[in-house]
Protein chains: 4
Amino acid sequence: MTATERFQRLKPEKKEKIVATAIDEFARYGFRQASVNRMARLTGIAKGSLFQYFGTKEGLFRFIFDHAVELIRRNLRRVKAETADQDFFERIRSSLLAGVSFIRKHPHIYQIYLKMLFQEDFPFRDEFLQKIRLFSAEYLTPLVEKGMADGDLRPDLDVHLVVFTLDAVMDRFLQAHCVPFLDGNAGLFQAPPERVEKQVGDLVDFLRRGLGAEQPSGRR
Amino acid sequence: MTATERFQRLKPEKKEKIVATAIDEFARYGFRQASVNRMARLTGIAKGSLFQYFGTKEGLFRFIFDHAVELIRRNLRRVKAETADQDFFERIRSSLLAGVSFIRKHPHIYQIYLKMLFQEDFPFRDEFLQKIRLFSAEYLTPLVEKGMADGDLRPDLDVHLVVFTLDAVMDRFLQAHCVPFLDGNAGLFQAPPERVEKQVGDLVDFLRRGLGAEQPSGRR
Amino acid sequence: MTATERFQRLKPEKKEKIVATAIDEFARYGFRQASVNRMARLTGIAKGSLFQYFGTKEGLFRFIFDHAVELIRRNLRRVKAETADQDFFERIRSSLLAGVSFIRKHPHIYQIYLKMLFQEDFPFRDEFLQKIRLFSAEYLTPLVEKGMADGDLRPDLDVHLVVFTLDAVMDRFLQAHCVPFLDGNAGLFQAPPERVEKQVGDLVDFLRRGLGAEQPSGRR
Amino acid sequence: MTATERFQRLKPEKKEKIVATAIDEFARYGFRQASVNRMARLTGIAKGSLFQYFGTKEGLFRFIFDHAVELIRRNLRRVKAETADQDFFERIRSSLLAGVSFIRKHPHIYQIYLKMLFQEDFPFRDEFLQKIRLFSAEYLTPLVEKGMADGDLRPDLDVHLVVFTLDAVMDRFLQAHCVPFLDGNAGLFQAPPERVEKQVGDLVDFLRRGLGAEQPSGRR
DNA sequence: CATGAATGAGTATTCATTCAT
DNA sequence: AATGAATGAATACTCATTCAT
């Protein structure tokens, strides 16, 4: 029986406590500075048990990370489905709003992603970053391709460049909800919902002017 | 005699070795996980000596950080001066190209900045981030304000939002030269110079369409 | 579970070895110069384990110190009770004999007290000295007060001065059993029991002449 | 040329600064915790020079200690000569007052002596303690012997015991001017001169009652 | 002779991991 | 299966001593 299988057999209550504590720990301290000791103390579970469930600290992190990726992936899939009939820029707007709402619900998960992105010092980093590619690779690229096919986007644009730009702006917009300094005085961090909606609106208008086809597709 | 004065008296050769090693170490591991032991081993310098030069690990980091900020600041000042008579978007183009070239010359310095941004747990973080604000606060904001005054930018735009967007796109564009994953398949990472020039051109065109005034200011 | 609780669960054999080694170390070197490394080496116990048991070096010292104070306090309480019906000077004699016998049984404990007294540079010194005051404050002062009330002591004496003198002489007499030099050639250090009894007798006679009431109280 | 000879050739001004700083350092921190680094910094003299003058930290301490012993010895010799014609208890009184005044003038020297007495952990301790014996051995013993020969002291007393007792009480009385805790609430520490004189008087009266011959020698 | 840079073994403390119970 | 005691290599930092300048 593999290590994580052992974990899966635990009572849901216990599993959730472990997951919540570990997410919190990794979000707060990153991988190396996270302390299994502390997680054991906070969950009230024996250190030895954690190692039985996950083998190593890395195993625990893998599990938490996969868990987080799965959450995000589910969220994206849902947004994709729910907005399938919308105009390209409406979908971007919905995506951003969904992103903000996801971050507010799971504040630590985005932080783990950011920690991962800029901490090179742990061995399995590349493997993890592959999994994160999903945002632009699985989500954004098809969305842009469809947008161009539908005539929502200017036909002369380079798909890669559009994806890159959208990824940059959207990611930064979301980062600004976790990392105060990054909001460039725009007051995004923990802004009230109506203010966020306004900001998203402005941002999407700006994107539409830069990327949108001259005459709107008329749909919607 | 203060600690760093002692360092300044060393032979240039030795100083450079220490600086290079320390930059590499902090870029790779961030502040907390960076190891003075390792730096001593890698430079071949006694641990005690490093502490004589810089007092503490924090002192060493401060020195390296100030060194980096100074490099960046000088670079920005030079670009600003050299492009004073250019149109707003030309200045952005020049800035990006200068940024890319700076990163290629000092590959680890941008990484240190990124580490700082997303590692929240060390004591003097805020103090250091203040120093970094200079990019958007001292550099970008005045540039945008002048751009609007000159009629290069659309007059109805919100300065904060423009700064935020430029900062996001430019920062991400530069990040993509340090963090392979972030280039969104655009192939920016270590791309040959001509390719970079093309990418910068496309990006600036896109920005001009989104932000530029209907009729160009005529200057240049 | 607190740190010291962990220690208490160890096998008695191991606990004793640790306590004995630590008492020896602190007696020999005082607090600052005592080395946890050395204690680990001498006990054959991993350094990490000692820190699991006591948290910090200070924690270890606190434990040892409280242990010592408890031993002394128990001893004093016992002597007090057993001599309750004796004449004042008999009680002093009994106290001295009990002190000598205690020091012979626990040779390092008195040394720790002396180290504390004259090493001023560690942080929690005052807190610990408060605990030691018990000898003169809790023990000697009431004893002298009762002695005066019973008419064993000359009524014109100042209580403070008597306590001071008794404390000085008795403390020095006991010190002379730890610190060879202090016996002033009187040969007290590790003297055979019968010689100690003689010395104590002479000392008490001297005290009685200096402090005793002209006509003995008649009791006993 | 020996190490200390090198020191002796320095300008008096420099020598005094070094001696004063070293006395202060050893009094404050004891031998092991004293830092040559700190002394070098405080004197403004290069660390290397201190080692040239004294060879090792131990050599420096030896020098300081001998210096201190010489000061004390000179003081005792002077008191001895000046009180040669006094009654025994008057000499004790004079000695105590001289001791208090010496401690007030050289507050750190007595502290060094106390540190030495109770710190066993340095190699040359016994050698140093031999030198301190002088107080009871060279000073007090002859004084007591003369006192008995002159009939100031009761003839049935044991010289060693008298020396021991006097040493204990007088030493403790002086300690109480350095170590607040030891004054047993008698308020000796930094007491005003007139109060000290009163305390000394009471103490000597007490000693006279305990040790003095029934009928005073009539001398003086 | 004076200097102070260089050294390296020393300090307390942490923590992922193992393993006997 | 669960536990938590034991481990030891790692961390930042200090300091007496040496030695080339």
key: Spacing of C/Phe26 atom CZ relative to E/dA12 atom C1', expressed in whole Å   = 12 Å
inquiry  = Under 4.0 Å from OP1 or OP2 of E/dC1: is there any side-chain N or O of D/Tyr53 that close?
reply    = no
ask   = Taking NZ from D/Lys14 and P from E/dC1, how many angstroms apart are they, rounded to a whole number?
value = 12 Å
Separation of F/dG4 P from A/Met39 CE (nearest whole Å) = 18 Å
request  = Rounded off to whole Å, could you give me the NZ-to-P distance for the D/Lys11 and E/dA2 pair?
outcome  = 11 Å
message = Base, sugar-phosphate or nothing for A/Leu10? Non-hydrogen atoms, less than 4.0 Å.
response = sugar-phosphate
key: Length of the line joining C/Leu60:CG and E/dT11:C1', which is rounded to integer Å   = 15 Å
key: Between E/dT3 (C1') and B/Glu5 (CD): distance, integer Å   = 16 Å
key: Gap between atoms CD1 and P, on C/Ile45 and F/dG8 respectively (whole Å)   = 12 Å
inquiry  = For Watson-Crick and G-U wobble pairs within 3.5 Å on both distances, what is DNA chain E written in dot-bracket notation, | included for inter-strand pairing?
reply    = .||||||||||||||||||||
ask   = When every nucleotide of nucleotides 13-21 of chain E is labelled 5' to 3' by its protein contacts under 4.0 Å (heavy atoms), B for base, S for sugar-phosphate only, - for none, what sequence of letters results?
value = BBBSBB---
task = Inspect the surroundings of CD in B/Glu70 and state if more than 12 heavy atoms from other residues, nucleotides or ligands are less than 6.0 Å away.
result = yes
request  = Verify, without hydrogens or angle tests, whether B/Lys115 (side chain) and B/Phe26 (backbone) share a donor-acceptor contact under 3.5 angstrom.
outcome  = no
task = Take the protein atom CZ of A/Arg41 and the nucleotide atom P of F/dG4, then report the distance between them rounded to whole Å.
result = 14 Å
message = Would the distance check show the side chain of A/Glu25 and the main-chain N or O of A/Ser35 forming a donor-acceptor pair, the cut-off being under 3.5 Å?
response = yes
request  = Would you indicate, yes or no, if E/dG4 has its OP1 or OP2 atom less than 4.0 angstrom from a side-chain nitrogen or oxygen of B/Arg6?
outcome  = no
ask   = For A/Ser49 and A/Ile45, which heavy atoms make the closest approach, and how far apart are they?
value = CB-CG2, 3.8 Å
Give every donor-acceptor pair under 3.5 Å between a side-chain atom in residues 56-63 of chain C and any protein atom, sequence neighbours left out.
{"unit_1": "C/Thr56", "atom_1": "OG1", "unit_2": "C/Glu58", "atom_2": "N", "d": "3.3"}
{"unit_1": "C/Thr56", "atom_1": "OG1", "unit_2": "C/Gly59", "atom_2": "N", "d": "2.9"}
{"unit_1": "C/Lys57", "atom_1": "NZ", "unit_2": "C/Phe31", "atom_2": "O", "d": "2.9"}
{"unit_1": "C/Lys57", "atom_1": "NZ", "unit_2": "C/Arg32", "atom_2": "O", "d": "3.0"}
{"unit_1": "C/Lys57", "atom_1": "NZ", "unit_2": "C/Ala34", "atom_2": "O", "d": "2.8"}
{"unit_1": "C/Glu58", "atom_1": "OE2", "unit_2": "C/Arg62", "atom_2": "NE", "d": "3.0"}
{"unit_1": "C/Glu58", "atom_1": "OE2", "unit_2": "C/Arg62", "atom_2": "NH2", "d": "2.5"}
{"unit_1": "C/Arg62", "atom_1": "NH1", "unit_2": "C/Glu127", "atom_2": "OE1", "d": "3.4"}
{"unit_1": "C/Arg62", "atom_1": "NH1", "unit_2": "C/Glu127", "atom_2": "OE2", "d": "2.7"}
{"unit_1": "C/Arg62", "atom_1": "NH2", "unit_2": "C/Glu127", "atom_2": "OE1", "d": "3.3"}

query = Checking A/Arg38 against A/Tyr29: charged group under 6.0 Å from the ring centre and within 45 degrees of the axis?
reply = yes
message = Return the CZ to NZ distance between C/Phe7 and C/Lys14, rounded to the nearest 0.5 Å.
response = 10.0 Å
request  = Using a cut-off of 6.0 Å, state whether more than 12 heavy atoms not belonging to C/Glu13 lie near its atom CD.
outcome  = no
A/Ile23 CD1 to A/Ile112 CD1 distance, which is reported to the nearest 0.5 Å = 5.5 Å
